[in-house]
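Read through the structure below, which is laid out as structure tokens, and then see the notes.
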There are 2 protein chains.
Amino acid sequence: MKIQELADKMGLTAHTIRFYEKEGLLDGRHIQREKNNYRNYSDEAIERLKLIKKFQGIGCSLAELKTILQDHDTNTRTNQEVMEWIGQKIDEIERKKAEYDHMLVTLHWMLEYRKALIDDPDKAEAMMAQFRALSAE
Amino acid sequence: MKIQELADKMGLTAHTIRFYEKEGLLDGRHIQREKNNYRNYSDEAIERLKLIKKFQGIGCSLAELKTILQDHDTNTRTNQEVMEWIGQKIDEIERKKAEYDHMLVTLHWMLEYRKALIDDPDKAEAMMAQFRALSAE
DNA sequence: CTAAACTATGAAGTGAACTCTAAGGCAAGC
DNA sequence: GCTTGCCTTAGAGTTCACTTCATAGTTTAG
């Protein structure tokens with residue numbers, strides 16, 4: 001399978017696949033060279049790219065993926081270690097979600113304040129007074 | 001107030017404050033020059049930086065902030081427009097939160113699968129079979 | 001046979017928000 | 001009067017995951 005064919009199959013560009021290779025995410029099991037120096041991809045390359053996409057989908061950087069794939073290839077990690085790693089990832093994402101929740105609290109406050117400005121100036125003033133009191137703490 | 005004093009007060013570095021100035025987030029109302037060409041910051045600069053932090057806190061980029069601050073300075077936007085903008089921001093953040101939720105679903109599945117690998121190999125196999133069936137769709 | 005379409009390479013560009021460097025001027029403490 | 005520690009500037013470096021560019025060799029369709 002040539003690079004464009006693989007790219008189409010996986011919804012990537014040929015550039016990106018070469019980039020992954022340069023980053024060390026693919027190796028001899030996935031790529032051979034033909035006599036014209038064109039890359040020839042095995043079916044394992046498809047599985048590899050699926051794995052890459054899956055881990056990208058759970059928020060892994062390419063640097064992290066490189067380590068994960070190496071460990072995967074060499075069977076370095078115990079089940080226990082993998083479970084700890086997953087736990088850490090979950091915590092990390094929960095933290096980011098909490099940040100967004102905090103943003104949403106602020107935004108909903110802003111929206112309510114703007115509504116009050118139109119409908120109920122007394123309420124708007126009260127909200128602002130309370131906000132200032134909290135900020136001053 | 002000199003730059004380092006302001007930086008300490010606001011929990012920023014002097015570099016960052018100069019950077020904000022270069023980006024057009026601060027102007028003559030906030031910065032004057034002394035005869036030795038040092039920057040001298042007014043109290044308004046503190047309010048300005050607080051405003052910048054607040055909007056950064058709800059996920060605004062500096063480019064966005066530049067527009068927001070200009071509108072704020074010139075009173076360009078109607079209440080209605082501001083409310084629409086807040087609504088869009090809320091949607092944007094809800095979308096990002098949903099992405100994280102999707103990551104969490106995957107991660108919790110991975111964790112449960114690993115647990116099953118240890119405690120209940122039949123369950124692990126069933127999970128994997130079901131996963132493959134879903135992937136094939 | 002030729003032109004389009006594919007392949008290869010290394011290097012540079014993108015954007016966001018800083019962060020740091022180099023090279024120098026001014027000020028305060030000992 | 002010397003060191004330390006501010007201050008100034010323009011500009012380069014950082015991180016991430018590509019993307020684009022420039023240039024050139026190979027294959028294929030008409």
Side-chain angles (χ1 to χ4, degrees), chain A residues 1-28 30-42 45 48-69 89 92-93 96 99-100 103, chain B residues 1-26 30-42 45 48-69 89 92-93 96 99-100 103:
Chain A
M1 182 171 20
K2 281 193 284 189
I3 195 164
Q4 191 57 52
E5 196 184 336
L6 179 61
D8 291 344
K9 237 173 215 164
M10 297 304 302
L12 298 168
T13 71
H15 286 302
T16 302
I17 295 169
R18 280 191 286 259
F19 174 73
Y20 285 169
E21 179 185 347
K22 203 177 57 177
E23 295 295 302
L25 270 44
L26 306 168
D27 61 32
H30 319 103
I31 316 173
Q32 305 288 347
R33 293 295 185 131
E34 294 181 14
K35 60 175 184 280
N36 59 11
N37 197 34
Y38 283 18
R39 290 172 179 80
N40 189 340
Y41 294 91
S42 67
R48 187 65 152 199
L49 290 175
K50 278 186 189 166
L51 202 57
I52 289 170
K53 282 196 158 191
K54 187 169 161 191
F55 278 90
Q56 275 193 318
I58 58 174
C60 293
S61 69
L62 293 192
E64 232 174 334
L65 255 161
K66 196 175 171 178
T67 312
I68 292 165
L69 290 174
K89 269 280 151 192
E92 190 185 306
I93 291 168
K96 288 184 189 170
E99 264 177 53
Y100 282 141
M103 289 182 199
Chain B
M1 181 173 18
K2 281 193 281 188
I3 196 165
Q4 191 58 52
E5 196 184 338
L6 179 62
D8 292 344
K9 235 172 219 166
M10 297 304 301
L12 298 168
T13 69
H15 284 303
T16 302
I17 294 170
R18 281 190 286 259
F19 175 74
Y20 285 169
E21 179 185 347
K22 204 175 58 175
E23 296 296 300
L25 270 44
L26 306 168
H30 319 102
I31 316 172
Q32 304 287 346
R33 294 296 185 133
E34 294 182 13
K35 60 175 184 282
N36 58 9
N37 199 32
Y38 285 16
R39 289 172 180 79
N40 190 339
Y41 293 90
S42 67
R48 187 66 153 197
L49 290 175
K50 278 186 189 167
L51 203 57
I52 289 170
K53 284 197 157 191
K54 185 169 164 194
F55 278 92
Q56 276 192 317
I58 57 173
C60 294
S61 69
L62 293 193
E64 233 173 336
L65 256 161
K66 196 174 170 180
T67 311
I68 292 164
L69 289 174
K89 269 280 150 194
E92 188 185 311
I93 292 168
K96 289 184 188 169
E99 267 177 50
Y100 282 140
M103 292 182 196

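The sequence lines fix the lettering, A, B, ..., with proteins before strands; numbering per chain opens at 1. Computed from a predicted structure; not experimentally measured.
Once rounded to the nearest 0.5 Å, the distance linking CD of B:E99 with NZ of A:K96 reads 11.0 Å. The distance from the CD1 atom of B:I93 to the OH atom of A:Y100 is 7.5 Å, given to the nearest 0.5 Å. Note: B:I58 CD1 to B:I68 CD1 = 6.5 Å, rounded to the nearest 0.5 Å. B:C60 contributes atom SG, which lies 11.5 Å from atom CD1 of B:I52 (distance to the nearest 0.5 angstrom). Remark: A:R33 CZ to A:N40 CG distance equals 10.5 Å, nearest 0.5 Å. Note that CD of B:E23 and CZ of B:R18 are 14.5 Å apart. Values are rounded to the nearest 0.5 Å.
Residues of residues 3-13 of chain B that place a heavy atom closer than 4.0 Å to DNA chain D, in numerical order, are B:I3, B:Q4. Of the residues in residues 52-63 of chain A, none lies under 4.0 Å from DNA chain C by heavy-atom distance.
Within the nucleic acid shown, A:R39 comes within 4.0 Å of sugar-phosphate atoms alone, with no base atom in reach, counting heavy atoms only.
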Could you give the side-chain donor-acceptor pairs of residues 3-12 of chain B under 3.5 Å, partners two or more places apart or in another chain?
residue	atom	partner	partner atom	Å
B:Q4	NE2	B:D8	OD1	3.0

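Distance, A:E64 CD to D:dT15 P: 16 Å, rounded to whole Å. Computed from coordinates, the B:F19 CZ to D:dG13 C1' distance equals 13 Å when rounded to whole Å. Taking atom NZ of residue B:K22 and atom P of nucleotide D:dT9, one finds them 10 Å apart after rounding to whole Å.
You'll find the side chain of B:L25 stays beyond 4.5 Å of the side chain of B:F19, heavy atoms only.
Side-chain atoms of B:R48 never come within 3.5 Å of backbone atoms of B:H30 as a donor-acceptor pair (strictly under, hydrogens ignored).
When DNA chain C is scanned in the 5' to 3' direction for atoms under 4.0 Å from non-hydrogen atoms of chain B, the outermost contacting nucleotides are C:dA17 to C:dA27.
For A:K2, the side chain to side chain contact (heavy atoms under 4.5 Å, CB included) partners two or more places apart in sequence, or in a different chain, are A:Y38.
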**Request:** Would you give a per-nucleotide map of nucleotides 20-30 of chain D, 5' to 3', where B means the base has a protein non-hydrogen atom under 4.0 Å away, S means only the sugar-phosphate does, and - means neither?
**Result:** BB---BBS---
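OP1 and OP2 of D:dA17 both lie 4.0 Å or more from every side-chain N or O belonging to A:Y20.
Salt-bridge formation is detected for the pair A:E21/A:R39: a Lys NZ or Arg NE/NH1/NH2 atom is positioned less than 4.0 Å from an Asp or Glu carboxylate oxygen. A salt bridge between B:K89 and B:E64 is present, with a side-chain N of the basic residue lying under 4.0 Å from a carboxylate O of the acidic one.
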**Request:** Apply the test side-chain contact (heavy atoms from CB on, under 4.5 Å) to residues A:F55 and A:L69: give CA-CA distance (whole Å), side-chain angles for both, the deciding distance (0.1 Å), then the verdict.
**Result:** CA-CA 10 Å; A:F55 278 90; A:L69 290 174; 5.8 Å; no
